[in-house]
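Nothing here was measured: the structure is a model prediction, and the numbers come from that model.
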Amino acid sequence: MGNSKKYTKLVYTVKDRCRVCYTCVRECPVKAIRIFNGQAEVIAERCIACGNCVRVCSQDAKVFIDSREQVKILLKGDRPVYAIIAPSFPAEFTEIKDYRILVGMIRKLGFARVLEVSFGADMVAKEYNKLLGSNGSKHYISSDCPAIVNYIENYHPDLVPALAPIASPMVALCRVIRKKYGEEPIIVFIGPCIAKKAESEETDEAITFRELRKLFQEFGITAEKAEPANFDEPASGKGAIFPVSRGLLQTANKNDDLVEGNIMVADGKSNFREAIKEFENGLMHSQHLELLCCEGCIMGPGMTYGCKKFDGMARISQYVQEKLKNLEEDNWEKNIEEFSDIDFSQEFSKRERTPLQAPREKVEEVLFNMGKVSEKDQLNCGACGYDTCVDHAIAIVKGLAENEMCLPFAIEKLHTSLQELNISNEQLASTQQALRQSEKLAGMGQLSAGIAHELNNPLGVITMYTNILKDETPPDSPVYKDLQLIVEQAERCRGIVGGLLNFARKNQVFLVETNMVEFVNRSVDSIIRPDNIEIKCENMISDPIARIDKDQMMQVLTNLEKNAVEAMPKGGILKITLSGSEHEVVMAISDTGTGIPEENMDKIFTPFFTTKEVGKGTGLGLPLIYGIVKMHRGQIQVVSNADPWKGQTGTTFTIKFPR
């Protein structure tokens, strides 16, 4: 079809406007869209210039090449410039009631003549009549839609011989003009089609109706300022119905009736592909195909947004009726006869594009990564823009698509991310709580160390002098009992001071290698267990050896185990779990007791805080444990639930320390 070399890329993406919607991928009949980082890029060598992506992009991110500047340069030259306008103009310029006003507006831009492409359709219809009447055994595909021709030449090259060897109405009119006027004029096509810009070198330039409107606006040309003018000769006839579906048939007086006719009509991106596929597979042995890439030319991408299909068809029909009513048939037939000797034939070439293929193992790997383990997982929902999950996977392997285009995969990935985020938030909240507790306890530790240091000296003096007085007092004296009480209470105070020092981490640890499994079992044996309490020890550690201060760590375990037993007055389960890695040991002491109220959680390691009855606890047990764990360079965390409505009540202390 002698494609023009002026434009190698008719459609492209404005990346700043492109959003992650994949509408263009869904609408592209040949999947000439590459998605990279969520941006859609048109692959020029695969594009058939149908313009579907331009028409459906709500963000105006898909645009076609603008030829207005080239047209303005042509209009400023010395040679006359002819405008040939597609017969779909009544559906575009609905605000202009008299077509002669539109002709006058186009002339005002500087065009020497304005002609209707529909006369070319008249001539082409005559050629189709001859072709379909003389080749009873051979069946053809109409060649008037350049996007259809591009599709067959590139993606179904074996069907190129089936393309009707007839020029399009646009090219046919160019040949008529050159015979009639003979002055080698410059010809500019105006219509609704993007593919026309690169259809043939027999036109010098092509613009869409949208571009024509912009030229009118740029030069301030309005209907009120234009002088009415008729189209230049030759005048067209029934060919004006050409831009609607079945327009070619009606122009050629052919019948697509399913009973009497042998012509099938298909338009739109899905229908024309299916028709070609069935034609190629031999399922339509006795049928000619009239195909349009768009749903009629009146729905082409070069039409202004908002054009209505059926309203447009009605306007074109009305225009044709008026035209035929006023047609000078003798003159029209004379013109038809005058140009009948022109060669309206057209040759087409094979430009085969390699279909998207990929190694099976690569495709299966991509499908597996998207969670499509079996065929049941392949929903083929089309949300990605591809017909099947396999097609999408092939496109991913070829670098044309991304995993995230799959809606089910993206939703599942989002759910996973939300779950991971929730876990991270919980961990962050726990860490923040631990940090606040550490800061608080660090201050308490400094205060406790100071108090303990100051109390140790006077307590030592009290103990020493009390013991001297005891030695000098007879045992049967009433004073002796008082002195004995003073000594006991002083020793108790020294014990409390010792606890404060341990909490403040002033003591040293003496680390020795210890079998932690045996150590945990020994701690359980050292506590009193009521009959209604079950104790479970679970070992999940491969290497049980760790370096600890056995005496101090035994104090930690037995204190926690005793607290757990006391928290289960009605019985329950005490569970000690030993786990970890090659770098650390983790001990978890869990009970199914009453739990710790939420309002007390940030106080449990505070010295002298206790919920036990007076005389049954000093409130130094957990602070002491905290200090010992810190001396082992470890961490202690607690999780508790005291509300039965939230699930099983109980408390879990988790201790982590390096080996």
The salt bridge (Lys or Arg N to Asp or Glu O under 4.0 Å) partners of Glu280 (sequence neighbours excluded) come to none
May I ask you to test the Asp543-Arg659 pair for a side-chain heavy-atom distance under 4.5 Å?
yes
Taking side chain as C-beta onward, heavy atoms only, is Asn281 less than 4.5 Å from Lys277?
yes
Going through the distances and angles, do Cys384 and Leu407 end up as a side chain to side chain contact (heavy atoms under 4.5 Å, CB included)?
CA-CA 7 Å; Cys384 61; Leu407 183 60; over 6 Å; no
Any side-chain heavy-atom pair of Val517 and Leu578 under 4.5 Å:
yes
Out of the candidates Glu41, Arg34, Lys62, only one should pair with Thr13 under the side chain to side chain donor-acceptor pair (under 3.5 Å) rule; please name it.
Lys62
Step through the shown structure and confirm whether more than 12 heavy atoms of other residues, nucleotides or ligands are within 6.0 Å of CD on Gln217.
no
Sorted by chain and number, sequence neighbours left out, side-chain hydrogen bond (donor to acceptor under 3.5 Å, both in side chains) with Gln59 holds for none
For Ala206 and Lys196 the tightest heavy-atom approach is CB-O, 3.9 Å
Heavy-atom pair with the smallest gap, counting every atom of Glu27 and Asn52:
O-ND2, 3.4 Å
Measure the shortest side-chain to side-chain distance between Cys406 and Lys372 over non-hydrogen atoms and say whether it is less than 4.5 angstrom.
yes
Lys/Arg-Asp/Glu bridge criterion (N-O < 4.0 Å) met for Lys214, Glu218
no
Side-chain contact test, heavy atoms from C-beta onward, threshold under 4.5 Å: evaluate it for Cys50 versus Cys294 and give yes or no.
no
Heavy atoms only: give me the nearest Ala358-Val397 pair and the separation to one decimal.
CB-CG1, 3.6 Å
Enter the distance from Thr23:OG1 to Ile33:CD1 here, rounded to the nearest 0.5 Å.
11.0 Å
Can you give me the closest heavy-atom contact between Leu10 and Ala195, atom names plus distance?
CD1-CA, 4.4 Å
Would Glu404 and Lys413 pass as an ion pair if we require N to O under 4.0 Å?
yes
CD/Glu365 to CD1/Ile396 distance, rounded to the nearest 0.5 angstrom?
11.0 Å
Between Phe64 and Tyr12, does the ring centroid distance fall short of 6.0 Å?
no
State, with a plain yes or no, whether a side-chain heavy atom of Ile152 is found less than 4.5 Å away from one of Ile148.
yes
Lys536 side chain vs Ile576 backbone, donor-acceptor pair below 3.5 Å:
no
Where the side chain of Lys269 meets the backbone of Val30, is there a donor-acceptor pair that is under 3.5 Å apart?
no
Should the pair Lys350-Glu153 be classified as a salt bridge under the 4.0 Å nitrogen-to-oxygen rule?
no
Asp591 (side chain) donor-acceptor with Thr651 (main chain) under 3.5 angstrom
yes
Answer yes or no: is there a donor N or O on one side and an acceptor on the other, between the side chain of Glu402 and the main chain of Asn37, under 3.5 Å?
yes
Please report the interatomic distance CE(Met264) to CG(Asn271), rounded to the nearest 0.5 Å.
10.0 Å
Restricting to non-hydrogen atoms, name the atom on Gly572 and the atom on Thr592 that form the minimum distance, rounded to 0.1 Å.
CA-OG1, 3.3 Å
Of Tyr155, Tyr151, Phe279, which is the lone residue that meets ring pair (Phe, Tyr, Trp, His ring centres under 6.0 Å) with Phe272?
Tyr151
If only side-chain N and O atoms count, and only distance matters, is there a donor-acceptor pair under 3.5 Å linking Thr304 with Arg213?
yes
Test: Arg68 and Glu211 ion pair at under 4.0 Å
no
Counting N and O atoms only, with roles assigned by atom type, does the side chain of Arg547 sit under 3.5 Å from a partner on the main chain of Thr514, one being a donor and the other an acceptor?
no
Using only atom types and a distance under 3.5 Å, with no angle test, would you say the side chain of Asn380 pairs donor to acceptor with the backbone of Cys389?
yes
Could you state the interatomic distance from CZ (Arg17) to CG (Asp60), rounded to the nearest 0.5 Å?
6.0 Å
Nearest atoms (heavy-atom pairs only) where Lys575 meets Thr577:
CE-OG1, 3.6 Å
Are there over 12 heavy-atom neighbours, none belonging to Glu599, within less than 6.0 Å of that residue's CD?
yes
Between Arg633 (side chain) and Pro658 (backbone), is there a donor-acceptor pair under 3.5 Å?
no
Is there side-chain contact between Leu557 and Ile589, with at least one heavy-atom pair below 4.5 Å?
yes
Just how far is it from atom CD of Gln378 to atom CG of Asp391, taken to the nearest 0.5 Å?
10.0 Å
Donor-acceptor contact below 3.5 Å, side chain Asn600 vs main chain Ile596:
no
Hey, mind stepping through Met516 and Ile548 against side chain to side chain contact (heavy atoms under 4.5 Å, CB included) and telling me if it holds?
CA-CA 9 Å; Met516 294 304 299; Ile548 61 172; 3.8 Å; yes
Can Met313 and Ile298 be said to form a side chain to side chain contact (heavy atoms under 4.5 Å, CB included), step by step?
CA-CA 8 Å; Met313 292 174 62; Ile298 58 174; 3.4 Å; yes
With rounding to the nearest 0.5 angstrom, report the CE to CD1 distance, Met587 to Ile636.
9.0 Å
For Gln39, what residues pass the side-chain hydrogen bond (donor to acceptor under 3.5 Å, both in side chains) criterion, not counting sequence neighbours?
none
Main-chain N/O of Cys21 paired to Arg26 side chain as donor or acceptor, under 3.5 Å
yes
Answer yes or no: is there a donor N or O on one side and an acceptor on the other, between the side chain of Thr649 and the main chain of Gly595, under 3.5 Å?
no
Any non-hydrogen side-chain atom of Leu292 less than 4.5 Å from a side-chain atom of Asp144?
yes
